[in-house]
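A short write-up of the structure that comes next.
The chains referred to below are lettered A, B, ... by the order of the sequence lines, with proteins before strands, and numbering in each begins at 1. Computed over heavy atoms, backbone and side chain alike; hydrogens, waters and symmetry mates excluded.
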There are 2 protein chains.
Amino acid sequence: MKKQYLFYGLILGALMILMRLIEYRFLIRSHVFELYGGLIALLFMGLGLWAGRKFTQKRAPVEIVQVPPPVFDENKINDLGISKRELEVLQLIVQGHSNQEIADRLFISLNTVKTHSARLFEKLEVNSRTKAINRAQELGLIRVN
Amino acid sequence: MKKQYLFYGLILGALMILMRLIEYRFLIRSHVFELYGGLIALLFMGLGLWAGRKFTQKRAPVEIVQVPPPVFDENKINDLGISKRELEVLQLIVQGHSNQEIADRLFISLNTVKTHSARLFEKLEVNSRTKAINRAQELGLIRVN
DNA sequence: GCCAAAATCACCCAAAAGTATGACAATCAC
DNA sequence: GTGATTGTCATACTTTTGGGTGATTTTGGC
C-alpha cells in the first residue's frame, strides 16, 4: 500500500516537472498562473482523495439483507399470473437445478425450459435465476417444507 | 499489476497532454485562466476520487464480519476452510447478485470474483451458483434471520 | 525479515443462461 | 367456433458462468 502511494506520488511529481519543462519552452505565461494551477490541482486532489475515501468506506461493507419469513402464499402466484408449469420450473430453479436438469426432469426440451424461465423472470421482474430464487423466497412462492 | 501501473501512468500522461493542448488552443482568448483552473480542478478532483477509492477499497469490506446477529454456524465456515473474502462473495451470490455486480460492490475485478467463487464452489462441492445458494442455506453458512 | 495463506488479476476456453422472435397445437371460456 | 391462454419447440444471438492455469501482491503469524 505504501509503495503505491509513493509510486503515484512520484509519477505525479514527474509529470508536474515535465509540465514545467514544456511550459518553459513556450514561455507563454507568467508564474502566477502556474502557481494558481498547481494550488488548484493540489486542493482538489486532496478534496477528491478525502471524498473518495469517505464514500468508499461506507459503501464497501456488505450489508446483510434480511429475508422476510418465507410463508407460502398461493395468492401471490395468481396475482403474478404464474402458470402451473411455470411454477414447476420455478421450484426446480429454486432447488438449484440447471435448465438442462429441469428439462430432463419435466420431459420437455431445453428450449421450453428457457421459454418458461424467461416468462417467469418477466413476471418476477428479475433478470437472472439467482435473483429469481431470492424473489421467490421473498414472496413466499415456494413451499419450504 | 505492472500493466495496471503502466495504464494509470499513461492515462495520467494523456490527461496532462490533453490539458496542454486545450490550454494552447484557448491561449489567445481572454478567459483562459478560469477555464484552465476549472479544468485542473475537475481533473484532479476526479483523480483524487479515483485514488481515494482505490486506496481504501481493501480496508472497508473487512468490517462486516463483526456484525452481530448470528444464528448461523461459524464452525462450518472454518471447517470448510472458507476465507473471509470468499464468505463475502458467497453472501452476495446468495443475495442474487451477478459476478459483475459483486465485483462492483467489492471494488475488485470480475476475474477476482470468479476466482473466489470457483474456490467457493470447490469447498461447497457444487458446480453452479444456484446450487451454492442451496448448499449455503443448508449448512447455515449465511445469516438468514 | 521470512514464510504461508489470502487476495488480487489475467487469459483462455467451454458450457450455461438469458434475450428476442416466431410458430403451432391443445385447452378452455364465452 | 372463436379467441385467449398455456404449453411446447425452434433458431439465432449475446451475455454470464464456470473451469483451468499461472502469476503477483498483500497480509498475518512467527
Can you find a side chain N or O atom of A:T112 that sits less than 4.0 Å from OP1 or OP2 on D:dC9?
yes
Considering only side-chain heavy atoms of B:S83, which listed nucleotide, C:dT19, C:dA7, D:dG7, is closest?
C:dA7
Least distance between heavy atoms, B:S128 atom then A:G96 atom
OG-O, 4.3 Å
Between C:dA17, D:dT11, D:dG18, which one does the side chain of B:K114 approach most closely?
D:dG18
CG of B:L120 versus C1' of D:dG18: gap in Å, rounded?
13 Å
NZ/NE/NH1/NH2 to OD/OE distance under 4.0 Å, B:R85 and B:E88
yes
Rounded interatomic separation in angstrom, taking CG from A:N111 and P from C:dG18
14 Å
Measure from CG on A:L110 to C1' on D:dT8 and round the result to the nearest Å.
13 Å
Over how many whole Å does the gap from A:E122 atom CD to D:dT5 atom P extend?
14 Å
Just how far, in rounded Å, is C1' of C:dA17 from CZ of A:R119?
17 Å
Note: for B:H116 and A:V126 on DNA chain C, the residue whose nearest nucleotide lies more 5' is B:H116
Could you check whether any side-chain N or O of B:K123 sits under 3.5 Å from a backbone N or O of B:G81, counting only pairs where one atom can act as donor and the other as acceptor?
yes
Let's see if you can work this out: which of C:dA17, D:dA10, D:dG7 has an atom nearest to the side-chain heavy atoms of A:S98?
C:dA17
In whole angstrom, give the distance that lies between atom CG of A:N99 and atom C1' of C:dT19.
13 Å
Counting only side-chain heavy atoms from C-beta out, which of C:dA7, C:dA10, D:dT17 sits nearest to B:R85?
C:dA7
For A:K84, answer base if it contacts any base atom (sugar-phosphate contacts may also be present), sugar-phosphate if it contacts only those atoms, and nothing otherwise; contact means non-hydrogen atoms under 4.0 Å.
sugar-phosphate
Any idea which heavy atoms bring B:V94 and B:I133 closest together, and the distance?
CA-CG1, 3.9 Å
Measure from CD on B:E86 to P on C:dA7 and round the result to the nearest Å.
6 Å
Considering only heavy side-chain atoms of A:N127, the closest of D:dG18, D:dA10, C:dT19 is C:dT19
Does any N or O in the side chain of A:R135 come within less than 3.5 Å of the main-chain N or O of A:F121, such that one atom is a donor and the other an acceptor?
no
Expressed as a whole number of angstroms, how long is the span from B:I82:CD1 to C:dA5:P?
17 Å
Picking from D:dG18, C:dT8, D:dG7, which would you name as closest to the side chain of B:I108?
C:dT8
Please compare B:T115 and B:R129 by the position of their nearest nucleotide in DNA chain D and report the one closer to 5'.
B:R129
